[in-house]
There are 2 protein chains.
Amino acid sequence: MLNYQGPLDLAFQALADPARRAIVDRLALGPASVSELARPLPMSLPAVMLHLKVLEESGLVKSEKVGRVRTCRIEPQMLSQAERWITERRQMWERNLDRLGAFLEETKPEHEK
Amino acid sequence: MLNYQGPLDLAFQALADPARRAIVDRLALGPASVSELARPLPMSLPAVMLHLKVLEESGLVKSEKVGRVRTCRIEPQMLSQAERWITERRQMWERNLDRLGAFLEETKPEHEK
DNA sequence: TTGATAGTTAAGCATATACTTAACTATCAA
DNA sequence: TTGATAGTTAAGTATATGCTTAACTATCAA
């Protein structure tokens, strides 16, 4: 599959890293500056910037710089997209399970019903 | 954050790869053998096995070998967990947006209401 | 009992990822 | 106008990831 980077690839890849999920976690509470996001993380500021770049390129986070402060916020639409991908697969699987159950029920010998 | 691998890390990391999402995609339709999963993928069988290993270690997929055929199936619980992580963050963000909206509404000068 | 099928293991390799430190630029406030 | 704050860029490095081919084992069916 080499390297095609559709929107979902970027989103799931972004969410794959615990530091980046910690950032999303923090941003769920409301907007925050870069250093605010960096403070609790056990790594250097430039490392946090890289994570932020990945999150922005994935569309999960947007940011805006005013004066010397860059304020980051969650972009809920991309979260929804990732969410929906998972939900759809899980529901498909569960519907198939249900169908199988119904089939087994229908084809059961009379005395077992 | 180096390398802690909690359940969600493994799950999101597994979903980060397009080949692995293709496998989940296929498995949503129902159980499948290793070579059935490999057929549509543009890579060697051993490569598919590695992806399968990642999926199994993440708990998203389980498999069972009968005779010489290994049959793989989705484990919906882990899908749910990943799903829930995203949903919770998105909802938290959206509730905060709502609160902000309500606050702005309440503090608006009378004539703007 | 032999050949085809299904899967597995091992070794190796190229690239991507997640960091680091050092040096730098802009903004703000005294 | 100087020093602190907030962020950025660059260069380098260690490890992880995603693949390959070759060689192997186990099962099944004729």
Side-chain angles (χ1 to χ4, degrees), chain A residues 1-6 8-27 30-58 60-73, chain B residues 1-27 30-73:
Chain A
M1 219 117 237
L2 230 60
N3 226 13
Y4 168 63
Q5 302 295 43
L8 278 175
D9 291 272
L10 294 174
F12 279 116
Q13 221 172 103
L15 292 175
D17 187 279
R20 287 193 291 263
R21 283 207 312 288
I23 291 176
V24 171
D25 227 13
R26 165 61 190 81
L27 289 179
S33 71
V34 173
S35 21
E36 225 169 312
L37 292 172
R39 197 159 19 218
L41 297 175
M43 67 186 65
S44 65
L45 237 202
V48 174
M49 301 263 320
L50 289 185
H51 285 306
L52 237 26
K53 197 177 160 226
V54 172
L55 284 167
E56 283 211 54
E57 286 175 352
S58 78
L60 287 165
V61 164
K62 286 237 179 314
S63 76
E64 189 190 10
K65 195 167 179 179
V66 173
R68 53 183 170 172
V69 177
R70 175 174 299 280
T71 301
C72 307
R73 63 191 72 247
Chain B
M1 217 116 235
L2 229 63
N3 225 11
Y4 169 63
Q5 302 294 40
L8 278 176
D9 292 274
L10 293 175
F12 279 115
Q13 221 171 99
L15 293 176
D17 187 279
R20 287 193 293 264
R21 283 208 311 289
I23 291 176
V24 171
D25 226 15
R26 166 61 189 81
L27 289 178
S33 71
V34 173
S35 21
E36 227 170 311
L37 291 172
R39 196 158 16 213
L41 297 175
M43 66 186 66
S44 67
L45 237 201
V48 174
M49 301 262 322
L50 290 185
H51 285 305
L52 237 25
K53 197 176 160 226
V54 172
L55 283 167
E56 283 211 55
E57 287 175 353
S58 78
L60 287 166
V61 164
K62 287 237 179 316
S63 76
E64 189 191 10
K65 195 168 177 178
V66 173
R68 53 183 169 170
V69 176
R70 177 174 297 281
T71 302
C72 308
R73 62 191 71 247

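Below, read A as the first sequence line, B as the second, and so on, with proteins coming before strands; counting in each chain starts at 1. Here the structure is a predicted model, which is why all the values come from computation and not from measurement.
Rounded to the nearest 0.5 angstrom, A:Ser33 OG and A:Arg68 CZ are separated by 11.5 Å.
Within the 3.5 Å criterion, the main-chain N or O of A:Ala38 finds no donor-acceptor partner in the side chain of A:Arg26. In this structure a side-chain-to-backbone donor-acceptor pair under 3.5 Å is present from B:Arg21 to B:Leu15. The main-chain N or O of B:Ala14 is found under 3.5 Å from a side-chain atom of B:Arg20 such that the two form a donor-acceptor pair.
Nucleotide D:dA16 holds its C1' atom 13 Å from the NZ atom of B:Lys53, rounded to whole Å. Distance B:Glu36 CD to C:dG7 P: 9 Å, rounded to the nearest Å. Rounded to a whole Å, the CG atom of A:Leu15 is 12 Å from the P atom of C:dA18. What separates CZ of B:Arg70 from C1' of C:dT5 is a distance of 16 Å, to the nearest Å. Computed from coordinates, the A:Met49 CE to D:dA10 P distance equals 12 Å when rounded to whole Å. Taking atom CZ on B:Arg39 and atom C1' on C:dT5, their separation rounds to 13 Å, with Å as the unit. Rounded to whole angstrom, the span from the CG atom of B:Leu45 across to the C1' atom of C:dT5 amounts to 11 Å. We find that CG of B:Leu37 is positioned 12 Å from P of C:dT8, with the value rounded to whole Å.
Summarising the base pairing, D:dA29 is matched to C:dT2 through a Watson-Crick or G-U wobble pair whose two defining distances lie under 3.5 Å. Of all nucleotides present, only D:dT9 satisfies the Watson-Crick or G-U wobble test against C:dA22, with each distance under 3.5 Å. Across all strands shown, C:dT15 forms a Watson-Crick or G-U wobble pair with D:dA16, both key distances being under 3.5 Å.
Contact annotation: A:Ser44 side-chain N/O to C:dC19 OP1/OP2 distance is not under 4.0 Å. OP1 or OP2 of C:dT17 sits under 4.0 Å from a side-chain N or O of A:Gln13. In this structure, B:His51 does not reach the D:dT17 phosphate: none of its side-chain N or O atoms is under 4.0 Å from OP1 or OP2. Side-chain N/O atoms of B:Arg68 include none lying less than 4.0 angstrom from OP1 or OP2 on C:dT8. For the OP1/OP2 pair of C:dA6 and a distance below 4.0 Å, the side-chain nitrogens and oxygens of B:Ser33 include no atom meeting the criterion.
Between A:Ser63 and A:Glu56, the side chains place a donor N or O and an acceptor N or O closer than 3.5 Å (distance only, hydrogens not considered).
Distance from the side chain of B:Asp17 is smallest for D:dG18 among the nucleotides D:dT20, C:dG7, D:dG18. In the set D:dC19, C:dT20, D:dT21, D:dC19 carries the atom at the smallest distance from any side-chain atom of B:Met43. For A:Val34, the side-chain atoms get nearest to D:dG7 when compared with the rest of D:dG7, C:dC19, C:dT20. For A:Val69, whose side chain is taken as the heavy atoms from C-beta onward, the closest listed nucleotide among D:dA6, C:dC19, C:dT8 is D:dA6.
Each of B:Val66 and B:Arg20 lies near DNA chain D, and the nucleotide nearest B:Arg20 is the one positioned closer to the 5' end. Along DNA chain C, the nucleotide nearest to B:Thr71 and the one nearest to A:Ala16 differ in position, and the one closer to the 5' end is contacted by B:Thr71.
When all heavy atoms of A:Leu52 and A:Cys72 are compared, the pair lying nearest together is CD2-SG, 4.0 Å.
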